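To keep things clear, I will list the structure first and then write my remarks on it.
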Amino acid sequence: MRRAACRTFSSARKINNAAAPSPPSPLQSLSTQRQVNALLASHSAYVLNTYARPSFIISHGKGMYLYDTQSRQYLDFTAGIAVNALGHADEGVAKVLAEQATQLVHCSNLIHHFWSGETAKLLIEETKKHGGLGIDPQNLEMERQLDVTEEALEIASSGLKVFFANSGTEATEGALKFARKYGKIIDPSGSKTEIVSFNEAFHGRSMGALSVTHQKKYQDPFAPLVPGCVEAEFNSIESINELITDKTCGVIVEPIQGEGGIMPANEEWLRALRKRCDEVNAVLIFDEIQCGLGRTGKLWAHSYFPTDCHPDVITMAKPMANGIPIGAIMMKDKVADVVKIGDHGTTFGGAPLPTRVAHHVISRIAEPSFLSHVQQVASHLRARLDTLASKYPSIVPSPVRGQGLMLGLPLANAQLPGKVVELCREKGVLFLSCGRNTLRFVPSLIVTEAEVDKATDVLDSVMAEVAKQ
């Protein structure tokens with residue numbers, strides 16, 4: 001197997017060392033596959049392995065590219081699983097990180113600091129501008145005419161609040177807790193505790209998040225899970241009307257399912273979901289951990305839908321700080337008002353370092369020119385994938401799915417995605433799979449049309465090989 005691994009990765013394109021930054025010195029001795037294998041074998045004695053990973057070691061990255069210790073270059077269309085929105089080793093992020101590290105990294109949530117409040121304010125203001133959480137941005141023109149005192153009052157009573165966590169899973173856990181607390185306030189009898197989520201969803205791997213992640217491969221090894229979690233059918237109006245009842249305190253859904261196979265929710269169903277939650281007085285939570293913060297070409301994926309499809313709560317994480325761990329829950333006041341001091345907490349969530357980086361990253365992502373770039377390049381990527389789907393109908397049985405730079409190419413069987421990912425990696429391009437049979441495209445949001453062409457040319461060549469077989 002080791003010899004096979006050597007063959008697999010030796011064909012990835014070699015680069016001129018002078019063309020990229022030199023690897024950090026501790027890695028300079030890992031220039032052969034034998035040396036890499038020896039180090040990985042050594043590490044395996046110490047690290048609990050829960051991941052299937054190829055036998056190479058990444059030393060550094062820049063922009064859309066990663067480099068390994070053997071001087072191979074990889075065009076990265078994974079973005080750290082939709083995390084590195086601004087690419088690798090972004091200079092702006094590095095500058096903010098270095099500056100904040102010399103000022104204040106952590107001080108606990110028992111003391112106020114500057115950046116958590118500023119980042120919460122930024123998230124809320126940009127959400128208002130970009131039409132999220134039921135807000136019509138056209139109504140904001142009136143706000144801009146207010147004097148300073150009135151404007152300050154308006155911001156203070158914005159109708160939204162933010163809680164910072166450390167990850168997407170923690171954001172999910174917090175949102176589920178808040179929904180449970182809301183149910184207890186609405187119905188003091190204690191019967192309003194059920195949480196509805198949907199088949200093929202993915203919301204995280206801790207026990208609460210896992211309990212609303214209705215995929216057997218994730219849930220079965222850890223059952224029994226948290227009680228009161230009900231599974232409904234994604235995009236089925238009949239299912240929600242039957243299973244969302246007066247016992248439901250919360251409903252959680254991804255506007256575009258990520259791990260489940262890049263499956264978009266449709267407008268009619270989201271409208272019915274919003275209506276049903278209002279009827280039974282349940283909190284509607286949108287998990288935008290993967291599809292939010294610019295990934296679809298808008299700040300929030302749900303902003304593509306009318307306001308009568310919008311949620312009460314958004315969870316977010318992945319791209320917030322370009323790889324620095326952070327997550328957040330943004331909620332309407334009707335939810336925030338039931339959460340009191342002592343109801344929830346976190347040691348590291350909302351610390352100065354991650355929130356300052358998040359402020360920098362969100363400021364850039366929310367720029368109209370940045371989102372316009374995402375939309376433009378996304379259209380080009382979709383066109384290239386549509387061409388491949390037409391060219392290889394025996395491999396691609398149905399149309400491309402998704403929105404913006406979150407696209408899925410369904411393949412003919414469950415074995416093909418892994419095979420295609422491996423063959424593309426050998427040619428120096430990194431892709432992801434998801435769901436049961438889908439290739440996933442979530443590149444950094446800075447990707448160019450030229451890089452899309454380069455990646456899809458490699459994919460085209462691999463699909464030609466697969467089609468011959």
Side-chain angles (χ1 to χ4, degrees), residues 47-51 53 58 60-61 66 76 78-111 113-120 122-123 162-177 202-210 213 254 258-259 287-295 313-331 344-366 432 442 444-446:
V47 177
L48 176 65
N49 185 24
T50 60
Y51 306 102
R53 295 183 280 203
I58 293 297
H60 58 293
L66 289 170
D76 181 15
T78 74
I81 314 182
V83 168
N84 301 110
L86 303 180
H88 299 286
D90 177 78
E91 292 180 6
V93 170
K95 181 179 178 181
V96 168
L97 262 173
E99 184 176 293
Q100 188 61 36
T102 66
Q103 296 174 359
L104 188 65
V105 172
H106 179 77
C107 66
S108 97
N109 283 313
L110 302 177
I111 305 171
H113 70 86
F114 183 76
W115 286 105
S116 62
E118 286 298 303
T119 304
L122 176 68
L123 273 168
V162 173
F163 179 90
F164 289 109
N166 299 294
S167 66
T169 294
E170 283 194 21
T172 299
E173 291 287 344
L176 297 181
K177 281 183 66 177
F202 184 89
H203 298 292
R205 295 177 187 262
S206 57
M207 292 303 281
L210 186 62
T213 294
E254 300 158 273
E259 303 299 325
D287 176 340
E288 294 224 19
I289 291 164
Q290 186 165 161
C291 64
L293 290 171
R295 173 59 54 186
V313 176
I314 310 173
T315 59
M316 67 195 82
K318 283 181 179 289
M320 276 187 76
N322 210 55
I324 301 303
I326 190 172
I329 312 160
M330 183 159 49
M331 68 209 82
H344 197 51
T346 167
T347 295
F348 298 106
L353 185 70
T355 52
R356 181 170 181 190
V357 177
H359 191 281
H360 173 83
V361 173
I362 294 163
S363 296
R364 289 169 62 181
I365 288 174
L432 293 168
V442 285
S444 297
L445 304 185
I446 61 167

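None of the values given here were measured: they were computed from a predicted structure.
The CD1 atom of I289 sits 11.0 Å away from atom CE of M320, with the distance rounded to the nearest 0.5 Å. Rounding to the nearest 0.5 Å gives a distance of 8.5 Å between OG1 of T213 and CG of D287. Between the OG1 atom of T315 and the CD atom of Q290 there is a distance of 11.5 Å, given to the nearest 0.5 Å. Distance check: T78 OG1 to L432 CG gives 5.0 Å after rounding to the nearest 0.5 Å. Within the model, atoms CG of L293 and CD of E288 stand 8.0 Å from one another, a figure rounded to the nearest 0.5 Å.
Side-chain atoms of L353 and L97, non-hydrogen and from C-beta on, do get closer than 4.5 Å to each other. I329 places none of its side-chain heavy atoms less than 4.5 Å from the side chain of V162. When side chains are defined from C-beta on, I324 counts as touching P354, because their heavy atoms get closer than 4.5 Å. Contact annotation: the side chain of C107 approaches that of P352 to within less than 4.5 Å [non-hydrogen atoms, C-beta and beyond]. Looking at heavy atoms from C-beta onward, E259 lies in side-chain contact with I81 at the 4.5 angstrom threshold. In this structure, the side chains of V357 and Q100 stay at 4.5 Å or more apart for every pair of heavy atoms.
With E170 contributing its side chain and G174 its backbone, the two residues share no donor-acceptor pair below 3.5 Å. Between the side chain of E254 and the backbone N or O of F202, at least one donor-acceptor pair lies under 3.5 Å. Between the side chain of T119 and the backbone N or O of S116, no donor-acceptor pair lies under 3.5 Å. Between the E173 side chain and the G208 main chain, a donor and an acceptor come within less than 3.5 Å of each other. For H113 (side chain) and G350 (main-chain N/O), a donor-acceptor pair under 3.5 Å exists by modelled atom type. Side-chain atoms of N109 never come within 3.5 Å of backbone atoms of G345 as a donor-acceptor pair (strictly under, hydrogens ignored). A distance-only check finds no donor-acceptor pair linking the side chain of K318 to the backbone of G168 [under 3.5 Å].
The two atoms that bring H359 and L122 nearest to each other are O-CD2, 3.5 Å, heavy atoms only. Closest approach of N322 to A85, counting heavy atoms only: OD1-N, 3.0 Å. Residues A171 and A165 come closest through the heavy atom pair N-CB, 4.0 Å. Between I365 and P319, the closest heavy-atom pair is CD1-O, 4.4 Å. Smallest separation of non-hydrogen atoms from G87 and S444: CA-OG, 3.5 Å. For T172 against A209, the heavy-atom pair with the smallest separation is CG2-CB, 3.8 Å.
When only modelled atom types and interatomic distance are considered, N166 and T346 share a side-chain donor-acceptor pair under 3.5 Å. No side-chain N or O of H360 forms a donor-acceptor pair with one of R356 less than 3.5 Å apart.
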Is there a salt bridge (charged side-chain N to carboxylate O under 4.0 Å, His left out) between K95 and D90? Walk through the geometry before answering. CA-CA 9 Å; K95 181 179 178 181; D90 177 78; over 6 Å; no
Are M316 and I326 close enough, and set up right, to give a side chain to side chain contact (heavy atoms under 4.5 Å, CB included), and what steps lead you there? CA-CA 9 Å; M316 67 195 82; I326 190 172; over 6 Å; no
Give the intermediate values and the outcome of side chain to side chain contact (heavy atoms under 4.5 Å, CB included) for residues L66 and H88. CA-CA 8 Å; L66 289 170; H88 299 286; 3.5 Å; yes
